[in-house]
*Asks:* 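Okay, here's the structure, questions in a sec.
What you see is a predicted model, and the numbers here were worked out from it, not measured in a lab. Computed over heavy atoms, backbone and side chain alike; hydrogens, waters and symmetry mates excluded.
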Amino acid sequence: MEKRELFQIGEMAKMFHLSVGSLRYYEKIGLLEPEYVDQETGYRYYSTGQFECLNTILYLRVLDMPLSQIASFLKNRDIGKIQEMLRQQKDVVVRKQEELKSIEKKITNRLRQIQDALGAEKERIQVKRVKPRRIAWLKDHLAIDSYQSPDFETSIRRLEQGQKDPIVFLGKVGVGISAERLAEKDYSRYDMVFLVLDDEDQYVGMLEELPEEACAAVCFCGSHKDAPAYYEKLSKYIEENHLEIAGFSKEITMVDYGITNDMSQFVTEIQIPVRKK
């Protein structure tokens, strides 16, 4: 075979917008071997007859088809086989689209939460309506200053056990004090750790569907260690406005070490469900 009918590896790579390294890798795994290798120089040459094979490889790679499947198809090209491969790959793409939509929602939710935290009026107590939400919770007793302790992290990890998919905790983990101890004005420890679930989150474990709630709420710059003083302010507000406690508190640090090292930028919100006496 005359060399003028062949293309050097660099020429082949340029024509197909590939790197030389990709062609060498395809050769290494037996996907596309050169038509001819000069034994004296080691130069590799490809023929026009290999164009269609390389076109097929590139087409299937654009579809994100694994190289192992492409290699299997090239060894036994068949209409039925390519149809089945394309159907399977379509299913893979649909699943990835769903995953990406879920990721997009998580990004949107987190951006909204950060913006809400930064834009919230601090130190002002108000009664607000909180939309229905799902929470996964774990009864646990934690000291009020244990937010950075191993015990706190262990509780969070326990919420994650048994889950098929990873759970994104950033900005969604909260702690709560029972209604009974809130009524006793005992703010020395938490009674539970919980996870606020996004709509797209799938969770296996103890779940509670919370209805829309009226909550006495306050947003402040600080973290859990600063919370007792705000529980006292909330308790006073509830009494002065002739309200009564209707459930456990929801305390979430919306901005914390997960996104900033500057403790002055930490933002925490406490919500206590209330009703008219």
Side-chain angles (χ1 to χ4, degrees), residues 108-110 112-147 152 155-156 159 169 171-201 203 205-256 266-277:
T108 299
N109 290 338
R110 189 55 178 148
R112 183 176 61 248
Q113 186 181 46
I114 293 172
Q115 189 58 46
D116 288 347
L118 296 177
E121 184 177 356
K122 311 302 189 294
E123 304 291 331
R124 175 173 173 259
I125 298 177
Q126 60 181 317
V127 174
K128 69 176 189 177
R129 304 297 301 184
V130 180
K131 294 179 180 179
R133 50 192 161 173
R134 291 185 306 147
I135 64 166
W137 57 276
L138 174 71
K139 285 188 176 180
D140 215 340
H141 297 302
L142 298 169
I144 205 84
D145 60 354
S146 65
Y147 69 103
F152 190 80
S155 294
I156 293 174
L159 278 172
F169 287 89
K172 299 196 297 183
V173 175
V175 287
I177 299 176
S178 69
E180 292 75 20
R181 286 204 310 105
L182 287 172
E184 295 169 1
K185 300 183 181 180
D186 178 4
Y187 315 125
S188 61
R189 60 186 171 88
Y190 297 112
D191 297 303
M192 65 191 69
V193 179
F194 61 86
L195 175 66
V196 180
L197 298 172
D198 290 329
D199 291 339
E200 63 273 14
D201 287 333
Y203 188 86
M206 189 176 293
L207 285 175
E208 186 168 354
E209 300 273 353
L210 298 180
E212 183 178 290
E213 297 177 304
C215 292
V218 64
C219 203
F220 61 91
C221 292
S223 61
H224 299 301
K225 67 182 177 61
D226 305 302
Y230 289 94
Y231 275 105
E232 291 175 2
K233 291 179 181 180
L234 283 164
S235 176
K236 183 178 179 182
Y237 176 91
I238 290 170
E239 290 176 356
E240 290 178 347
N241 286 272
H242 308 291
L243 302 170
E244 62 182 9
I245 296 168
F248 66 89
S249 65
K250 287 85 174 173
E251 178 185 332
I252 298 178
T253 302
M254 302 161 71
V255 175
D256 59 12
F266 285 12
V267 178
T268 299
E269 183 179 40
I270 300 174
Q271 300 171 0
I272 298 179
V274 293
R275 58 178 171 244
K276 288 285 186 180
K277 285 187 177 180

*Asks:* Does the D191 side chain pair with the main chain of S178, one donor and one acceptor, at a distance under 3.5 Å?
*Replies:*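 Yes, the answer is positive, given that a donor and an acceptor are paired below the 3.5 Å cut-off.
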*Asks:* Taking atom NZ of K277 and atom CD1 of I238, what is their separation to the nearest 0.5 Å?
*Replies:*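 It comes to 10.0 Å.
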*Asks:* Donor-acceptor pair, R275 side chain versus E244 backbone, under 3.5 Å?
*Replies:*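 Pair absent, no side-chain N/O of R275 close to backbone of E244.
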*Asks:* As an exercise, state the distance from OH of Y203 to CG of L195, rounded to the nearest 0.5 Å.
*Replies:*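 One finds 7.0 Å between OH of Y203 and CG of L195.
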*Asks:* Does the plane of the ring in Y231 sit parallel, tilted or perpendicular to the ring in Y187? Use 30° and 60° as the thresholds.
*Replies:*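 Judged by the thresholds at 30° and 60°, the geometry between Y231 and Y187 is parallel.
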*Asks:* Hey, mind stepping through R124 and E121 against salt bridge (charged side-chain N to carboxylate O under 4.0 Å, His left out) and telling me if it holds?
*Replies:* CA-CA 6 Å; R124 175 173 173 259; E121 184 177 356; 3.7 Å; yes
*Asks:* Does some side-chain heavy atom of V267 sit less than 4.5 Å from a side-chain heavy atom of I114?
*Replies:*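 Contact flag for I114/V267 side chains = no.
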*Asks:* What heavy-atom pair brings A120 and C219 nearest, and what distance separates the two atoms?
*Replies:*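 Nearest heavy atoms, A120 then C219: CB-SG, 3.8 Å.
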*Asks:* Hey, what do you get for CD (E123) to CZ (F220), rounding to the nearest 0.5 Å?
*Replies:*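 Taking CD in E123 and CZ in F220, the distance rounds to 8.5 Å.
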*Asks:* A quick test of your reading: do over 12 heavy atoms of other residues, nucleotides or ligands sit less than 6.0 Å from NZ of K185?
*Replies:*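 Not more than 12 within 6.0 Å, no.
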*Asks:* Looking only at non-hydrogen atoms, find the nearest pair between P132 and E212 and report the distance.
*Replies:*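 Where P132 meets E212 most closely, the heavy atoms are CG-N, 3.7 Å.
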*Asks:* Can you see which heavy atom on F266 is nearest to which on S223, and at what distance?
*Replies:*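 Heavy atoms of F266 and S223 come nearest at CD2-CB, 3.9 Å.
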*Asks:* Backbone N or O of D186 within a donor-acceptor pair of the R181 side chain at under 3.5 Å?
*Replies:*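 Here the side-chain-to-backbone pair exists.
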*Asks:* Can you tell me how far the CD atom of E251 sits from the CD atom of E269, to the nearest 0.5 Å?
*Replies:*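 Interatomic distance, E251 CD to E269 CD, rounded to 0.5 Å: 10.5 Å.
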*Asks:* Measure the shortest side-chain to side-chain distance between I252 and F194 over non-hydrogen atoms and say whether it is less than 4.5 angstrom.
*Replies:*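 The answer is yes, as the side chains (C-beta and beyond) meet within the 4.5 Å cut-off.
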*Asks:* Ignoring hydrogens, what is the shortest heavy-atom contact between G222 and T268? Give both atom names and the distance.
*Replies:*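 Looks like O-OG1, 2.6 Å.
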*Asks:* If you round to the nearest 0.5 Å, how far is NZ of K131 from CG of L210?
*Replies:*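 These two atoms lie 15.0 Å from each other.
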*Asks:* Who pairs with Y237 by ring pair (Phe, Tyr, Trp, His ring centres under 6.0 Å), at least two apart in sequence or on another chain?
*Replies:*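 Counting only residues at least two positions away or on another chain, Y237 forms no ring pair (Phe, Tyr, Trp, His ring centres under 6.0 Å).
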*Asks:* Knowing that exactly one of Q271, K128, R133 qualifies, which makes a side chain to side chain donor-acceptor pair (under 3.5 Å) with E213?
*Replies:*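 Single pass found, and it is R133.
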*Asks:* Any heavy-atom pair between the side chains of L234 and I270 that's under 4.5 Å?
*Replies:*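 Yes - at least one pair of side-chain heavy atoms lies under 4.5 Å apart.
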*Asks:* If only atom types and distance count, is the side chain of S249 paired as donor or acceptor with the main-chain N or O of G176 below 3.5 Å?
*Replies:*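 No; judged by distance alone, with no hydrogens or angles, the pair does not exist.
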*Asks:* So, taking the atom named CD1 in I135 and the one named NZ in K250, what distance separates them when rounded to the nearest 0.5 Å?
*Replies:*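 The CD1 atom of I135 sits 6.5 Å away from the NZ atom of K250.
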*Asks:* So do the side chains of V127 and L243 get within less than 4.5 Å of each other, counting heavy atoms only?
*Replies:*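 The answer is yes, as the side chains (C-beta and beyond) meet within the 4.5 Å cut-off.
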*Asks:* Show the nearest heavy-atom pair for residues V274 and A216, with the distance to one decimal.
*Replies:*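 V274 and A216 have their closest heavy atoms at CG2-N, 3.9 Å.
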*Asks:* Excluding sequence neighbours, so at least two apart, what forms salt bridge (charged side-chain N to carboxylate O under 4.0 Å, His left out) with E232?
*Replies:*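 Checked E232 against salt bridge (charged side-chain N to carboxylate O under 4.0 Å, His left out); zero matches.
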*Asks:* Tell me every residue that passes salt bridge (charged side-chain N to carboxylate O under 4.0 Å, His left out) with R112, counting only those two or more places apart in sequence or in another chain.
*Replies:*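 Result, salt bridge (charged side-chain N to carboxylate O under 4.0 Å, His left out) vs R112: none returned.
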